[in-house]
Amino acid sequence: MEKAEIFATMAPVIALVGVSGMIGWVITTWIRVKNGYPLDGSWGQAVYPRNDAESVERIKLLSQENAQLRAELGSIKDRLANVERIVTDGGTLLSQEIERLRAPAN
């Protein structure tokens, strides 16, 4: 009898938690739809992905900008490597290299 009484007192609490979870999910989904976010499935994939022309064009532009930034970053890394080499090399090595470049080619 004791277990039945405990279950009888806990059942409304369990039901209330379950119903409030479902209501929260519905409200969250409604807010996402209202604000234009795509719906997600159980594994995070978009249920109704938007593939309009504006989105495709935006992706192309972002991809191009990404490629440009990566190229610029590569150039900056090369320049930084040269600056680091100059700073970390001893003064004598740098002067020797400058004099070697100034010397006439044989």
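From a predicted model like this one, the values you see are computed outputs, not experimental measurements.
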Can you tell me which residue pairs pass the salt bridge (Lys or Arg N to Asp or Glu O under 4.0 Å) test with a partner in residues 10-28, sequence neighbours excluded?
none
Residue pairs, two or more places apart or on separate chains, that pass salt bridge (Lys or Arg N to Asp or Glu O under 4.0 Å) and touch residues 15-32:
Arg32-Asp40
Under the side-chain contact (heavy atoms from CB on, under 4.5 Å) test, which residues partner [X], sequence neighbours left out?
| X | answer |
| --- | --- |
| Glu65 | Leu62, Leu69 |
| Leu80 | Glu84 |
| Lys34 | Trp30 |
| Arg102 | Ile98, Glu99 |

Which residues pass the side-chain hydrogen bond (donor to acceptor under 3.5 Å, both in side chains) test with Arg79, sequence neighbours left out?
none
Path from Trp25 to Val33 over hydrophobic side-chain contacts below 4.5 Å:
no
dist Leu73:CG -> Asp78:CG (nearest 0.5 Å) comes out at 9.5 Å
Hydrophobic side-chain clustering at under 4.5 Å (ILVMFWY, transitive links): who's grouped with Leu101? Put none if nobody.
none
Is there a side-chain contact (heavy atoms from CB on, under 4.5 Å) between Arg100 and Glu97 once you walk through the steps?
CA-CA 5 Å; Arg100 184 181 55 81; Glu97 188 172 337; 3.8 Å; yes
Can you list, pair by pair, the side-chain donor-acceptor contacts under 3.5 Å of residues 7-19, counting residues two or more places apart and other chains?
unit_1 : atom_1 : unit_2 : atom_2 : d
Thr9   : OG1    : Glu5   : O      : 3.2
Thr9   : OG1    : Ile6   : O      : 2.8

